[in-house]
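Working notes, structure below.
Ligands are counted one by one from 1 in listed order, and the atoms in each one are counted from 1 as well. Quick note: numbers below take in every heavy atom, side chains included, and nothing from hydrogens, waters or symmetry partners.
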Amino acid sequence: MALALSLAEQAIGLTDPNPRVGCVLVSADGRWILGQGHTQPPGQAHAEVMALRDAQSRGHDVRGATAYVTLEPCAHHGRTPPCCDALAAAGVGKVVAAALDPNPQVNGQGMARLQAAGICTEWSQAHATAARELNIGFFQRMALGRPWVRLKAASSADGQAALGNGRSQWITQEPARRDGHAWRRRAGVVLTGIGTARHDNPRLDVRLVPTARQPRRALVDARLELPLEAALLDGPDALIVYHANSAPADRARTLQARGAELVALPADTTGRLIPADVLADLAGRQFNEIHLEAGPALNGAWLAAGLVDEILLYLAPALLGAGLPWARLGPWETLEEALRWQWHEHTAVGADLRLRLRPSPPAHRADSSPASA
Ligand SMILES: NC(=O)C1=CN([C@@H]2O[C@H](COP(=O)(O)OP(=O)(O)OC[C@H]3O[C@@H](n4cnc5c(N)ncnc54)[C@H](OP(=O)(O)O)[C@@H]3O)[C@@H](O)[C@H]2O)C=CC1
Ligand SMILES: Nc1c(N[C@@H]2O[C@H](COP(=O)(O)O)[C@@H](O)[C@H]2O)[nH]c(=O)[nH]c1=O
């Protein structure tokens, strides 16, 4: 199963909006790997079919073999036929799955159909968490109908994301920035705000790690102030620009002529877009993971709205003094009002630290998704 999980990791960036899945076929005596594979881009073969084809191309007989799959084999006709039927037709003897497929069209039916076909089924409890984490956005979208929002920020040890004059490049060093690109690669879309677009003229693409595809990029820009020479307008796909209904029509036409995809939303009384409206549009586009990489204003607004599922915080051993915090929140009068999170993971990346935080229970919404068996 560990090998199947590492195969599934190779599918990151390939399969969206489908989950990343890996499959390994092992001989009945457990001694030989007969075939292996991972999910292909949407409409193409799933992991189980890739592993069966791999075994066939090597001339291996898979009758009686055990299939280790990181997610329950699908039981429905989507763009491809059900994988549980393919496994049954090939004559495998046993299927071990690490997580229940949260897709309501599958959700236990894959394993049930295999059992009905006389195939032995088993859950790999030890790998359930890793299998869910690999597809955390898919699990969340299936359970709650909205993507997983990961807020990424680079901060000094004294909590600053930029100097007082707005300069922020660079606070963290190359290894941490490369790590940040690996997290961008996981996402279906990278979202930022007009403050960051203006100050940094960022590209927000994946360059420091190899990738099969670039995530979409999206921008919150209520008044359509994005400069026409912005690097964000030069990506492979159209930049999604969220703006207020009241934004100047001539700016809208100019940005459209530069290839941007414009989405008009209602503004609140202060002229700001409502984070939940932006999230709803992104959810409608079936993104599994959103990588929010913005400045203190947008970060603060999304955190205050309770829409952030995970904070990916890179901490540099530097003190920037009076500057811009990575999220503008409050001010609050009492400590009870503070947003309480918990450490999920921490690790050193080069000279910097990577901290991952998740909301303290019970606010942790992914916990309400169907549990893996
Ligand atoms: N170190 C790091 O990791 C990073 C640092 N930075 C730094 O941050 C600075 C830019 O920060 P900032 O100006 O905050 O940029 P942002 O990228 O956060 O852009 C501001 C955005 O926030 C929106 N906004 C503001 N208030 C609200 C609200 N109450 N509700 C909803 N939306 C809101 C604005 O909307 P509207 O369109 O209506 O104006 C705008 O889209 C730069 O100095 C940059 O270098 C930026 C990214 C990462
Ligand atoms: N300053 C800072 C970061 N800043 C983030 O990186 C963006 C630039 O992305 P790109 O144009 O793709 O290179 C920038 O707008 C901001 O969101 N990131 C980090 O990992 N470490 C850092 O010290």
Side-chain angles (χ1 to χ4, degrees), residues 150-185 187 190-209 211 214-215 217-226 230-232 234-235 241-247 251 263-279 291-307 311-318 320 323-330 349-354:
R150 183 177 294 115
L151 183 163
K152 177 258 177 179
S155 169
S156 60
D158 56 347
Q160 308 301 302
L163 298 176
N165 61 13
R167 282 195 195 148
S168 63
Q169 291 174 3
W170 298 101
I171 299 167
T172 57
Q173 296 188 14
E174 167 95 13
R177 300 207 301 276
R178 198 177 317 121
D179 194 72
H181 279 226
W183 287 94
R184 278 184 189 170
R185 177 178 60 185
V190 178
L191 174 67
T192 196
I194 184 62
T196 300
R198 269 192 170 140
H199 254 284
D200 298 352
N201 190 21
R203 290 161 66 177
L204 299 179
D205 56 4
V206 179
R207 318 184 289 283
L208 303 180
V209 293
T211 186
Q214 290 293 339
R217 280 116 357 90
L219 173 73
V220 177
D221 180 9
R223 291 168 297 283
L224 289 178
E225 295 167 332
L226 183 69
L232 280 174
D234 293 330
V241 182
Y242 295 103
H243 65 93
N245 291 319
S246 55
R251 284 294 299 166
V263 180
L265 294 171
D268 67 12
T269 48
T270 66
R272 296 257 142 81
L273 301 185
I274 299 150
D277 290 347
V278 174
L279 182 59
H291 184 99
L292 174 61
E293 189 160 342
L298 203 61
N299 288 347
W302 278 59
L303 281 164
L307 298 180
I311 297 168
L312 173 64
L313 185 63
Y314 294 92
L315 212 52
L320 295 193
L324 300 177
W326 58 267
R328 190 169 298 117
L329 286 160
V349 183
D352 301 310
L353 289 182
R354 180 184 76 199

From [X] atom [atom1] to [Y] atom [atom2], the distance as rounded to the nearest 0.5 Å:
X	Y	atom1	atom2	answer
Tyr242	Asp221	OH	CG	13.0 Å
Thr192	Arg198	OG1	CZ	12.5 Å
His243	Leu224	NE2	CG	5.0 Å

Worksheet entry | With sequence neighbours excluded, residues passing salt bridge (charged side-chain N to carboxylate O under 4.0 Å, His left out) with Asp179 |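 Scan of Asp179 (salt bridge (charged side-chain N to carboxylate O under 4.0 Å, His left out), adjacent residues dropped) gives Arg354.
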
Worksheet entry | Between His181 and Arg178, a side-chain donor and acceptor under 3.5 Å |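 Side chains of His181 and Arg178: no pair found under 3.5 Å.
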
Please tabulate, one pair per line, all N/O donor-acceptor pairs under 3.5 Å involving side-chain atoms of residues 160-175, not counting sequence neighbours.
from	atom 1	to	atom 2	distance (Å)
Gln160	OE1	Gly323	N	3.1
Gln160	OE1	Leu324	N	3.2
Gln160	NE2	Asp158	O	3.0
Asn165	OD1	Arg167	N	2.9

Check: [Y] and [X] side chains under 4.5 Å, non-hydrogen atoms:
X	Y	answer
Arg177	Tyr314	no
Leu313	Trp326	yes
Lys152	Trp183	no

Distance dump, ligand 1 polar atoms to protein, N/O, under 3.5 Å:
from	atom 1	to	atom 2	distance (Å)
ligand 1	1 (N)	Ala154	O	2.8
ligand 1	1 (N)	Ala161	O	3.0
ligand 1	3 (O)	Ala154	N	2.8
ligand 1	14 (O)	Pro296	N	3.3
ligand 1	14 (O)	Ala297	N	2.9
ligand 1	15 (O)	Thr196	N	3.4
ligand 1	17 (O)	Gly193	N	3.4
ligand 1	17 (O)	Gly193	O	3.4
ligand 1	17 (O)	Thr196	N	3.2
ligand 1	17 (O)	Thr196	OG1	2.6
ligand 1	17 (O)	Gly295	N	3.1
ligand 1	18 (O)	Gly295	N	3.2
ligand 1	18 (O)	Gly295	O	3.2
ligand 1	18 (O)	Leu298	N	2.8
ligand 1	19 (O)	Gly195	N	3.0
ligand 1	22 (O)	Leu298	N	3.4
ligand 1	37 (O)	Ala222	N	2.8
ligand 1	38 (O)	Arg272	NE	3.3
ligand 1	39 (O)	Arg223	NH2	2.9
ligand 1	41 (O)	Ile194	N	3.4
ligand 1	41 (O)	Val220	O	2.8
ligand 1	43 (O)	Gly166	O	2.7
ligand 1	45 (O)	Gly166	O	3.2
ligand 1	45 (O)	Ser168	OG	2.8
ligand 1	45 (O)	Asp200	OD1	2.7
ligand 1	45 (O)	Asp200	OD2	3.1

Which protein N or O atoms sit under 3.5 Å from any N or O of ligand 2? Give atom names and distances.
from	atom 1	to	atom 2	distance (Å)
ligand 2	1 (N)	Ser168	O	2.7
ligand 2	6 (O)	Glu293	OE2	3.2
ligand 2	9 (O)	Arg184	NH2	3.1
ligand 2	11 (O)	Arg203	N	2.8
ligand 2	12 (O)	Arg184	NH1	2.9
ligand 2	12 (O)	Arg184	NH2	3.4
ligand 2	12 (O)	Leu204	N	2.9
ligand 2	12 (O)	Arg207	NH1	2.9
ligand 2	13 (O)	Arg207	NH2	2.8
ligand 2	15 (O)	Asp200	OD2	2.8
ligand 2	17 (O)	Glu293	OE2	3.4
ligand 2	18 (N)	Lys152	NZ	2.7
ligand 2	20 (O)	Lys152	NZ	2.8
ligand 2	21 (N)	Thr172	OG1	2.7
ligand 2	23 (O)	Ile171	N	2.6
ligand 2	23 (O)	Thr172	N	2.9
ligand 2	23 (O)	Thr172	OG1	3.4

